[in-house]
Number of protein chains: 2
Amino acid sequence: MNDKRPIRAKSGTNLGGASAHNRRIMIDALRVNGALSRADLARATGLTPQTVSNIIEELASDGLVRSQATVRRGRGQPATPYQLVPEGAFAIGLQIDRHVTRTVIVNLVGEVLVKFEAKLPPGGPAEGVLVILDLVRRARAQLAARTSDADKRLVGLGVAMPGPFGINTLYDDPWMMTAWQNFPLIDRIAEGTGLEVALQNDAAAAATAERLLGAAHGLDHAICIYFGYGLGAGLILNGELYGGAHANAGEIGMILALIPGDGADVEPLEHYASMASLCKLLSIDPSEPQLFEMVSDALQKGSPQIEAWIADVAQRLRRAIQALESIFDPQTIILCGGAPRRLIDRLVKEIGPLLPSIADRASRFPEARLQAGLADPWSVALGAAAEPIARTFDPRFSAILKSN
Amino acid sequence: MNDKRPIRAKSGTNLGGASAHNRRIMIDALRVNGALSRADLARATGLTPQTVSNIIEELASDGLVRSQATVRRGRGQPATPYQLVPEGAFAIGLQIDRHVTRTVIVNLVGEVLVKFEAKLPPGGPAEGVLVILDLVRRARAQLAARTSDADKRLVGLGVAMPGPFGINTLYDDPWMMTAWQNFPLIDRIAEGTGLEVALQNDAAAAATAERLLGAAHGLDHAICIYFGYGLGAGLILNGELYGGAHANAGEIGMILALIPGDGADVEPLEHYASMASLCKLLSIDPSEPQLFEMVSDALQKGSPQIEAWIADVAQRLRRAIQALESIFDPQTIILCGGAPRRLIDRLVKEIGPLLPSIADRASRFPEARLQAGLADPWSVALGAAAEPIARTFDPRFSAILKSN
DNA sequence: TTTATTAAATCAATTGTCTTGACTTATTAG
DNA sequence: CTAATAAGTCAAGACAATTGATTTAATAAA
């Protein structure tokens, strides 16, 4: 028998786990469908009306849902719809990028209440973390000024930064943030804020945002391509963000040369398809505060150089999308980014028509094969903030199981 | 409120769901670790010893587990290990390929008890389904002859055939099995056998086999590349097979041209990397009964043609593997197939050394980045049979939720 | 040899959550 | 005005996991 080897097993569950799951699906149902009555919830979840009643009662007394005015729907007693209380919970999101850090605070329904931004000092993470903690402190102060008991309703802090994590540096170049990745960032922030802290890469954060309130809202199978300083993808599979074995899933920017025609092409995809590449082409410093405006202007003006770049990137992404469709069979693919709206929209337009793939089905969902998602310098920070909300309130397998 | 639109919500759960999950994790733990005592199970699952005792009692009286001789492990009362009873459950697997159909019956631990094979008549599915039903009938008769009450313990029938399913035919060519895919196969087989029937593509079936008793045993994140008549991948994510939105996930054979150097290359990958391609090269009829032996012989002899083919396929797969690693961040990638052992091993050897990727980490798992898996003409049928076993006994999110 | 310690497994009582079935309330259709 | 329909509640019951005490069986230490 196993005297030495650790026994590998999945975790069991109990009444508490079931109950926690049922609370989560109520919140999820209200998020996806808007206000619903107790009877609606009972039908949709398969639980009995009595059970739903008890749970709604509890959620209401926790300040997470509240009733609206009754509505008459034909015969029978009028229904009392319940909705999420936006100020029922808050979360902090933190984006750490190469040159800048941003923090936002969102509420339960994903509205951004507070935004702060700061340049990261060149001294590296040891200095940078002080800037970050100060930013978070100021954001919390502003939240507290607006709503006095909000700080108590903070459910966590999400950090997003460029991946991959825990890897032997593949290409020792400025594309990677090696120093930051080797720094005990999570522990320092947790200690400095007293909050639960989780880390994800920027593409995953963007996908989380997209699912909370973007084009992936309510979808269970979606791939969000994140076109920012680098290139990545957030994978929404079975309604949850998939992280892989080491939280590095979705690093499509690291894929080598998806394009035919250049035999010696061993550079990763993100060296072509990224804001970094465009900045290089336009000789713009990526740490430039007016970056988005400058790029957007350059696009509007246009130039043979830019047109060629767009055609090249579109071709590469067209291939990547065909591959992702073949691999994942998703409901939709969303191109979003830490990039100007104009660029994202232009790329989506330029990428079409898409290559033939298994996604090219007669009876397609309402969703298009490819659509534009959020495009905002703040979308990663927003996604980072959405993570603690999702972790706390979204239905997921691991939430049912016994802790440890 | 939603008077018209259907309300979308996830399903709730209750005591029964929790209990069912706990039964499943016991079986899973015994499958992964071998025999375990009740105390071991309690520690591994986080449940109390009393709960484990009750569940084991129940599983034993259902004939799914049985005790072994007690073992002394130092101080304290000796432990009574429990193991899975191989003849506790059976399942039928059915492979439908272009030219042939195979059926196997496996027991709870994945041992193959019965094997039958038949050529498919050229008349298409209407005729073919009769051959198939006859094959299944004969297999069941043979099982019943061996173990009298085994037929009652059949938990289902899994069907595997080449995908993709429900697609506008992309390339109307002999690579696809259009007629079969438009035929109400599942209903006819369910009706003809009285069993629960499920359908998956051949790559998914191969991955299921690999997880039940191959290189992916006990792994929660693995990609199984299936190199058979076509090319596909089975995705094991979070310990479950991932099917995508329409059960077509993993169709990597449909990816267009991952290789540089040939600009006009718009053919799908499986036109290069597949047994079909090799058969064409060697002018072997793929429906040839001695196919494996012939290919294996040809490989052993060798020829400049074959060497060039292997180099080309290895190059393409090397790229595909680097892409899959970047996308999924798996624990390992397994190359398996409906192809001769010698070919799979040769390809694995030829593919190395792998390209740099995020899987190239210092502290790698015991698992290699790439390993050879099952290579057997029967492995797809075996995987098809493993599906009902997995569906019935493996822990999974959907099993906790209320039915409908 | 005796006693203490450790570990496996069980017994009996308790807890917490969902379910069941009867009931109340409020509205519309006829 | 009455019947039908639907939302929602009440109170009792069912079920599976938990708790804490107890039994059994081995080794280690005195």
Side-chain angles (χ1 to χ4, degrees), chain A residues 1-3 7 11-26 35-61 65 67-82 399-404, chain B residues 1-3 7 11-26 35-61 65 67-82 399-404:
Chain A
M1 302 249 332
N2 299 289
D3 282 300
I7 297 170
S11 181
T13 188
N14 56 13
L15 300 298
S19 171
H21 171 72
N22 288 343
R23 282 180 58 124
R24 284 168 184 254
I25 57 165
M26 299 289 161
L36 294 175
S37 71
R38 303 184 185 198
D40 288 334
L41 284 166
R43 277 187 296 267
T45 61
L47 294 168
T48 62
Q50 183 58 59
T51 300
V52 171
S53 237
N54 294 339
I55 293 174
I56 288 292
E57 209 71 50
E58 205 185 301
L59 291 176
S61 86
V65 306
S67 58
Q68 298 179 335
T70 58
V71 291
R72 287 179 284 199
R73 291 194 278 189
R75 265 184 202 183
Q77 177 168 331
T80 308
Y82 283 78
I400 297 190
L401 309 182
K402 299 184 63 166
S403 46
N404 211 2
Chain B
M1 301 249 333
N2 299 288
D3 283 301
I7 297 170
S11 182
T13 188
N14 56 15
L15 299 299
S19 172
H21 171 72
N22 288 343
R23 283 179 57 122
R24 283 168 183 255
I25 56 166
M26 299 289 160
L36 294 175
S37 71
R38 304 184 185 201
D40 288 333
L41 284 165
R43 278 185 296 266
T45 62
L47 295 167
T48 61
Q50 183 58 58
T51 300
V52 171
S53 237
N54 294 339
I55 293 173
I56 287 292
E57 209 70 50
E58 205 184 302
L59 291 176
S61 85
V65 305
S67 58
Q68 297 179 335
T70 58
V71 291
R72 285 180 283 200
R73 291 194 277 188
R75 265 185 202 183
Q77 177 169 329
T80 308
Y82 283 78
I400 297 189
L401 309 182
K402 297 183 65 165
S403 47
N404 210 4

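- Side-chain contact between B:R73 and B:D40 is present, with at least one heavy-atom pair separated by less than 4.5 Å.
- Taking atom CD1 on A:I400 and atom P on C:dC18, their separation rounds to 12 Å, with Å as the unit.
- Counting only distance, with no hydrogens or angles, the side chain of B:K402 and the backbone of B:G12 share no donor-acceptor pair below 3.5 Å.
- Residues A:V65 and A:M26 are not in side-chain contact: their nearest non-hydrogen atoms beyond the backbone lie 4.5 Å or more apart.
- A:Q50 places a side-chain heavy atom less than 4.5 Å from the side chain of A:N54.
- Residue contacts for A:R23: at a heavy-atom cut-off of 4.0 Å it reaches no nucleic acid atom on any strand shown.
- Atom CD1 in A:I56 sits about 12 Å away from atom P in C:dC18, given to the nearest Å.
- If you take CG of B:D40 and C1' of C:dA7, they are 11 Å apart, rounded to a whole angstrom.
- Contacts between chain B and DNA chain D, taken as any atom within less than 4.0 angstrom of a protein heavy atom, begin and end at D:dA16 to D:dA28.
- A:R75 has no side-chain polar atom (N or O) that falls below the 4.0 Å cut-off from OP1 or OP2 of C:dG30.
- Proximity of A:N22 to the phosphate of C:dT17: no side-chain N or O atom is located under 4.0 Å from OP1 or OP2.
- Counting heavy atoms from C-beta on, the side chains of A:T45 and B:S11 never come closer than 4.5 Å.
- Residue whose closest nucleotide on DNA chain C sits further toward the 5' end, between A:T70 and B:A39: B:A39.
- With contacts defined as side-chain heavy-atom distances shorter than 4.5 Å, the pair B:R38/B:T80 does not qualify.
- Between B:H21 and B:T13, every side-chain heavy-atom pair lies at or beyond the 4.5 Å cut-off.
- Note: CD1 (B:I55) to P (C:dT10) measures 13 Å, nearest angstrom.
- Atom-to-atom, CZ of B:R43 to P of C:dA7 comes out at 9 Å; the value is rounded to the nearest Å.
- Partners of A:R72 according to the side-chain hydrogen bond (donor to acceptor under 3.5 Å, both in side chains) rule, which considers only residues two or more places apart in sequence or in another chain, do not exist here.
- Atom CZ of A:R73 and atom C1' of C:dA29 are 18 Å apart (whole Å).
- Residues B:R43 and A:I7 have side chains not in contact (no heavy-atom distance under 4.5 Å, counting atoms from C-beta outward).
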In 5'-to-3' order, the base (B), backbone-only (S) or no-contact (-) status of each nucleotide in nucleotides 19-25 of chain C, using a 4.0 angstrom heavy-atom cut-off, is BB----B

